[in-house]
Amino acid sequence: MFIILIGIFAVVFFLVRFLFTKKPSRNSSIEQKLDRIIELLERDTSK
């Protein structure tokens, strides 16, 4: 029973760790797209 309890905690730990490591990559790609849009808008307004 003790092994099952440790197993449950390990699964939860790795699941949370996986979710938190995956989110920053999505945010960084959104940031890169926004930076590109801002760059294009600044180029357009300077004309």
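Sequential numbering from 1 along the given sequence is applied to the chain's residues. What you are looking at is a predicted structure, and each value in this text was computed from that prediction instead of being measured.
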Student: Is it true that atom CD1 of Ile3 has more than 12 heavy atoms of other residues, nucleotides or ligands lying nearer than 6.0 Å?
Tutor: no

Student: Can you tell me how far the CD1 atom of Ile30 sits from the CG atom of Asp35, to the nearest 0.5 Å?
Tutor: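 It is 12.0 Å, given to the nearest 0.5 Å.
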
Student: Give a yes or no on this: more than 12 heavy atoms of other residues, nucleotides or ligands lie within 6.0 Å of atom CG of Leu34.
Tutor: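 Count over threshold, so yes.
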
Student: Here's a test for you: under side chain to side chain contact (heavy atoms under 4.5 Å, CB included), which of Val11, Leu5, Val12, Ile6 qualifies with Phe9?
Tutor: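 So the option named by the test is Leu5.
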
Student: Can you measure from CD1 (Ile37) to CD (Gln32) and round to the nearest 0.5 angstrom?
Tutor: 12.0 Å

Student: How many angstroms lie between CD in Glu39 and CG in Asp44, if you round to the nearest 0.5 Å?
Tutor: 12.5 Å

